[in-house]
Amino acid sequence: MDAFDEMRGPKGMVAAAYQAIAEWLYATPPDLLDDKRREAEILFRRIGITFNVYGEDAGAERLIPFDIIPRALGPSEWAKLSKGLEQRVRALDAFLSDIYHEQEILKAGKIPVGKVLNNDLYRPEMQGIEVPGGVYVQVAGIDVVRTDPDHFFVLEDNLRTPSGVSYMLEDRAVMMRLFPDLFAKAKVAPIDHYPHELLRTLRSVAPAHAGGDPVVALLTPGPYNSAYFEHAFLAEEMGIELVEGQDLFVQDDAVFMRTTMGPKRVDVIYRRLDDEFIDPLAFHPDSMLGVPGLLSVYRKGGVTLANALGTGVADDKSVYPYVPEMVRFYLGEEPILQNVPTWLLERPDDLAYALDHLSELVVKETQGSGGYGMLVGPKASKQEIEDFRAKIKANPQGYIAQPTLALSTCPTFTDEGIAPRHVDLRPFILHGKHSISIVPGGLTRVALRKGSLVVNSSQGGGTKDTWILEE
Amino acid sequence: MLSRTAENLYWTGRYMERAENLSRLLDVSFRAALLPAADANPAADWQSALDILGITDAYKAKHGGINQDSVIVFLTLDTSHPYSIKSCIDQSRENARTLRATLSVELWESLNTTWLEMKNISRQSLLERGPRSVFDWVKERSHLFRGVAYSTLLHNDAFHFLRLGTHLERADNTSRLLQAKDRSLGALPPEGGTAYYQWGAVLRSVSAFRAYTQIYRDVIEPVRVAELLILKAEMPRSLRFCFDQITNALDALSQGRDLECRRLAGEMQAKLRYSRIEHLESQGVGDFLSVILNRLNGLGVQIGRDFLMTV
Amino acid sequence: MRLNIHHETVYHYAAPASYSIQYLRLTPPTVPGQRVLSWKLSAPAPLRPWTDAFGNQAHVLVIDQPHEEIRLMATGEVESDDVLHLLPGAGELHPPSLYLRNSRLTEADDALTGFARSLNIPLQSGRRKGLDDLMHAIRDLVDYQPGITDAATKASEAFGHKAGVCQDHAHIFIACCRSLGIPARYVSGYLCTAKLGEEGMASHAWAEAWIDDESAAGWATFDVANRTQAGEAHVRLAHGLDYLDACPVRGMRKGGRGEALDVLVHVGEASHEPKRQTARETARRRQSEQSQQ
C-alpha cells in the first residue's frame with residue numbers, strides 16, 4: 001500500500017506548499033540539520049516543555065520528540081478544511097444543545113435513544129441548563145487525516161478537554177528561532193495569537209452578571225497531570241490564574257478563588273479536569289480535585305464551565321458514526337468533511353464482518369483515548385489479534401472498527417536520514433458566543449517508527465510545526 | 001495572588017531555611033563533641049541538639065541510646081520524620097514544584113539541583129566524606145537559593161512571601177538555639193575554657209564569631225552573645241534583623257490593609273528595637289525567649305489567617 | 001391522610017470545621033399523590049435553592065465561619081393519598097428511558113442479572129404483576145437487618161450478603177429492573193411507621209419502575225422492604241439513579257475532625273396528638289453522605 005506523500009505528491013512533483021521546504025532540505029547538509037535538531041531539543045528543555053509520564057519517578061519528565069521538518073498545507077486546502085471543521089463544530093454543538101433540551105434528534109429516530117441517554121458520557125446534570133451563548137464546546141480539537149490530495153477524513157472529535165495546543169505554539173516558536181531564513185522565504189500564516197483568541201472566546205461566554213470584565217481562571221488537576229505543562233503555559237500566556245480545586249470555593253451561588261487579598265469571584269472556568277471530578281457532591285464522592293458545590297452554581301448560571309459538562313457524549317466513538325447525520329439534521333447541509341467508514345461492533349452484522357477481517361482493520365475502544373486499547377490489524381501479530389478477538393467478543397458494544405487508512409506521509413528526519421512518516425493533524429477550533437475561529441495551523445503528530453500508523457505521544461509519536469501558507 | 005501560591009512560597013522559603021539551620025546545629029554539635037576538655041560530654045551535646053528540635057522521643061524510639069553517627073544520620077538523611085535536612089529539602093522542592101510559573105527558571109533549577117544531589121547522599125558517603133563537608137554544602141546551597149531569589153525574582157508578592165517564610169523560620173531557630181544554650185551553659189563558670197568554647201561554638205553556628213569580635217573586641221561573654229543575637233539590627237541572624245525583614249515584607253503584602261499579623265509583628269519589632277540587654281537579663285533571657293517563641297507561633301497562625309486561608 | 005413531619009439532623013464536630021457545604025434534598029414536592037400544605041427548612045446559614053440533576057428541589061448550605069455544630073430542621077405538613085396507581089412521567093426533567101443508565105451503586109453483576117432473568121418478568125403487558133413478584137422475591141431472599149451494610153454498599157454486595165436495609169432493597173430492585181431493560185429509580189422520603197411497616201424507619205427509601213402497557217404509562221412504586229406500594233404512609237423527597245443522587249444530605253467540610261451525627265425523625269398523623277415516640281436513629285449514615293476534605 002503506497003501512501004500519499006504530501007511533499008512529493010502522487011506524481012513525484014514537489015507540491016506548491018512544500019516548495020520552500022524542499023529547497024531548504026536540498027540546500028542544507030544533513031549534519032547541519034542534525035545539529036539543529038540537537039539545538040531544538042535543548043531549547044525545549046530550557047522552556048520546560050515536558051510531559052509527565054504516569055507511573056514513573058516524580059522527577060522524570062519527558063520531551064515529546066520534535067521533528068524539525070515542517071508540514072505544510074496550501075491556502076485552498078486549508079480553506080476547505082477549515083470550512084469543514086467549522087461546519088462540524090456547529091453541528092456537534094447543535095447536537096449537544098438538542099440532547100440536553102428537547103431531544104428532537106432522538107425523537108426523529110436519527111440516533112438510537114440508548115446510545116445517548118444511557119451513554120456514560122451523557123450527563124443528566126446538564127439537562128435543561130441554558131449555557132451562555134448556547135455554546136457547549138468552546139474548544140474542540142478535531143483529528144483529521146489525509147489519504148490523497150483531495151480527501152480529509154475526520155478520525156475523531158475531541159470535545160472534552162482537548163490538549164496539545166501548547167505544542168503547536170512551541171513548535172512554531174522553536175522553528176522560527178532555529179530557521180529564521182526559512183520563514184523569510186515562505187509566507188506562513190501566524191498562530192501566536194491563539195492564547196489571545198482563546199481568552200476572547202472564554203470571556204465571550206461569561207454569565208451576564210459578569211459585565212464587561214469577567215474573571216477567567218484555568219482549572220487544572222494539578223502538577224501530576226500529564227498535561228500540567230500546557231495548563232501552566234496557557235494560563236501564563238493568557239494572564240489568568242492557574243487554579244486547583246482547593247483554590248476555589250462556593251458561596252452565595254457563586255464560585256470564588258482564595259487569594260491573599262481575600263475571596264475573588266470567578267466567572268468563567270476553563271477547566272482541564274474531567275466531568276466526573278468537577279464536584280464531589282454530585283459525582284465521585286471521594287475526589288479531591290474538584291470544587292464541592294460547583295454544580296449548583298453552574299445549574300443556576302452563576303459560572304460558566306468551558307467546555308460544558310457532558311460534551312463527551314458527542315465525541316464518543318460509538319456516536320461518531322452519526323456526526324454526518326447531525327450535520328444534515330441540524331444544518332440542512334451536506335458534510336464537507338467525511339467520516340472514516342466505521343463498523344459498530346454492537347451490530348451483529350458489523351461484528352461478524354469485523355471478526356472475519358481483523359487483520360485488515362483498526363479496532364478501537366468506544367470510550368478510549370490516547371491510542372491505548374487499540375488494535376492495528378495489519379501491524380499486529382497473530383497472538384495480538386487473537387487476544388483482541390476475545391476482548392471484542394466479551395464486550396462487542398465497547399468497540400468500533402475502521403478500515404486501515406493509508407495515512408499520508410511527510411518527510412521526517414530519522415536515524416536513517418530523511419524519510420516519509422505517517423502524520424495526522426489536530427486543528428483547534430474556538431467557539432465563542434458570536435463566532436467560530438480557527439487559528440491557521442494545528443498540531444501535526446507524526447509516527448516516528450517506520451510504517452507505524454499510531455501517532456500518539458504516549459505511543460512513540462512526535463510532533464511537527466504545521467504551516468498554513470498564505471496566498 | 002492565589003493563597004495556595006503564597007503558601008507554597010512561604011513554605012519553600014521556610015523549609016530551605018530550616019535545612020540550613022539544621023546543618024548549622026549539626027555542625028556546632030559536631031565541633032562541641034570534638035572538644036578535648038576533661039569535662040566534655042559528647043552525648044549531652046547531641047542530646048541538646050535533639051532537644052532543641054523537640055524530637056528526642058522520636059529518636060529514642062528508633063535508635064535507643066545517643067550515638068553520634070546515629071544522630072547525624074537521623075538528622076541528615078532520615079525522611080521518616082520531618083526534621084531531617086533531607087526531609088526539609090524534599091518539602092522545599094515539593095512546595096516549589098507547583099510554582100514553576102512564579103519562580104524564575106534559575107531559582108527552580110537551583111532548588112531542583114540541590115534536591116537531586118541530596119538524593120545521592122547515602123549514610124556511607126555522609127559518614128565517610130565527613131559530615132561537616134555535607135553540612136557546609138547544605139549551607140552553600142541555601143545561600144545560593146537566597147541569592148538567586150534575590151537577584152532573579154521580581155521583588156513583588158512572590159519574593160515577599162519567600163522572605164517571610166525564611167525569616168520566621170530563622171527567628172524561630174535563633175530563639176531556640178539561644179534558649180537551649182542559656183539553659184545548658186548558664187551554670188558554667190564564665191572563666192573556664194569550656195564556656196568559652198561552647199559560646200564560641202554557638203556564635204560560629206550562626207556565622208557570628210567574627211561579627212562578635214569586630215563589634216565587642218572583647219572576650220566572649222554570654223550576655224554579649226545574647227545581645228548580638230537578639231538585639232543587633234546589623235546581625236543577619238539576630239531576632240531584630242529577622243523582625244525588620246518580616247515587618248518590611250508584611251508592609252508590602254498588606255497593601256494598606258489593617259491586618260492583625262502586621263500589628264503582631266510590629267509589636268514584637270518595637271520590643272526588639274527599644275529593649276536593652278540589661279533589662280532583658282534582669283527579667284531573664286530564657287523567659288524572654290519563651291515569650292518570643294510563643295509570639296512567633298501566634299504570628300505564623302495569624303499570617304495563615306490573613307493571607308493563606310482567608311476562607 | 002395528613003402527616004406531620006419533624007426531621008432534625010445535627011452534626012457535631014470534636015474539632016471545629018472551618019468551611020462546610022451541603023446539598024440538601026429536604027423539601028418534598030407537590031406531585032400527584034402528595035400535596036405539601038406547609039413546609040419549613042431551617043439551617044444555621046442562608047439556604048440557596050436550586051434544582052438538581054433530576055429535577056428535585058434542593059438547597060445549598062454553606063457555612064464559612066468556624067463551627068462545631070450544624071443543625072438542620074425540616075418540619076411541615078403533607079397530605080398524602082392512598083395508593084396511587086401510577087405517577088405520570090410527563091413534565092419531568094428526563095424521559096423515563098434515562099433511568100436505564102447504570103450507576104455505581106446499582107450495577108448488576110452476573111448473580112443479580114441471573115436472578116432477575118429467572119423470574120421471567122413479562123416486559124409488556126403484565127409487567128406490573130411481574131415486578132410485584134420481583135419485589136417479593138427480593139424481600140424473601142434479602143433479610144431486613146441493619147448494621148450489615150452501609151451507605152456505600154452496592155446492590156450486588158447487599159444481594160450477596162442476603163441482608164440489608166430499605167436502601168439496599170431498593171438498589172437491588174433497581175438493578176434487576178435495569179438489567180431487564182425496565183427504567184427504574186431510587187426514591188428517598190419519609191414513612192409514617194405508626195401507620196405501616198415494622199421494617200424501616202421514619203427516614204425511608206423505596207424504588208420506582210416505569211410501567212408502559214395498553215392501559216397506562218407511569219411510574220409505579222415498590223417499597224421492597226415493606227412489600228408494598230408507596231401509599232398514604234409515604235412522603236417522597238427526591239429521586240435519582242441511586243442513593244447518592246437522592247440522599248437528603250450530601251456534604252463536605254474542611255477540618256471538623258470527629259463527626260457525630262444525631263437524627264431525629266417523627267412522622268405522625270396530623271389529626272392525632274403527636275406521639276412522643278420519636279426514635280433516635282442509629283443507622284445514621286443512611287440519610288447523610290458527609291466527607292471531610
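Hydrogens, waters and symmetry mates are skipped; everything else that's a heavy atom, side chains included, is used. Reminder, nothing fancy here: chain letters follow the sequence lines and each chain counts from 1.
For the set C/Val60, C/Asn102, C/Leu100, the entry with the most heavy-atom pairs within less than 4.5 Å of chain A is C/Leu100. Top candidate by heavy-atom pairs under 4.5 Å with chain C, chosen from A/Glu125, A/Met126, A/Gln127, A/Lys300, is A/Gln127. Of the residues considered (A/Leu117, A/Asn119, A/Asp120), A/Leu117 shows the highest number of contacts with chain C, using heavy-atom pairs under 4.5 Å.
Only the side chain of C/Phe54 has a heavy atom closer than 4.5 Å to any heavy atom of chain A. Proximity to chain C involves both the backbone and the side chain of A/His284, based on heavy atoms less than 4.5 angstrom apart. For a residue to count as touching a neighbouring chain, one of its non-hydrogen atoms must lie under 4.5 Å from one of that chain's; by this rule C/Pro49 touches chain A with backbone and side chain alike. For a residue to count as touching a neighbouring chain, one of its non-hydrogen atoms must lie under 4.5 Å from one of that chain's; by this rule A/Leu106 does not touch chain C.
Atoms OG and CG, on A/Ser296 and C/Leu24 in that order, are 10.5 Å from each other to the nearest 0.5 Å.
No more than 12 heavy atoms of other residues, nucleotides or ligands lie within 6.0 Å of NZ in C/Lys154, so this atom counts as exposed by the packing criterion. Other residues, nucleotides and ligands contribute more than 12 heavy atoms inside 6.0 Å of the NZ atom of A/Lys107.
C/Tyr23 and A/Leu294 make their closest contact through OH-N, 3.8 Å (heavy atoms, listed as atom of the first residue, atom of the second, distance). The minimum heavy-atom distance between C/Ser97 and A/Val113, with the atom names listed, is OG-CG1, 3.6 Å. Closest of all the heavy-atom pairs between A/Phe283 and C/Arg250 is O-NH2, 2.7 Å.
Annotation: salt bridge (Lys or Arg N to Asp or Glu O under 4.0 Å) contacts involving residues 93-104 of chain C, sequence neighbours excluded, are absent.
Applying the salt bridge (charged side-chain N to carboxylate O under 4.0 Å, His left out) rule to C/Arg25 yields the partners C/Asp52; only residues at least two apart in sequence or on another chain are considered. Listed by chain and number, the residues in a side-chain contact (heavy atoms from CB on, under 4.5 Å) with A/Gln251 are A/Phe249, A/Phe256, C/Val62, C/Asp64 (sequence neighbours excluded).
Between A/Asp253 and C/Trp50, the closest side-chain pair of non-hydrogen atoms is not below 4.5 Å.
Within residues 171-179 of chain C, no residue has any heavy atom closer than 4.5 Å to a heavy atom of chain A.
Each of C/Lys254, C/Arg253, C/Met252 was evaluated against A/Pro292; a single residue qualifies, C/Met252, per the side chain to side chain contact (heavy atoms under 4.5 Å, CB included) test.
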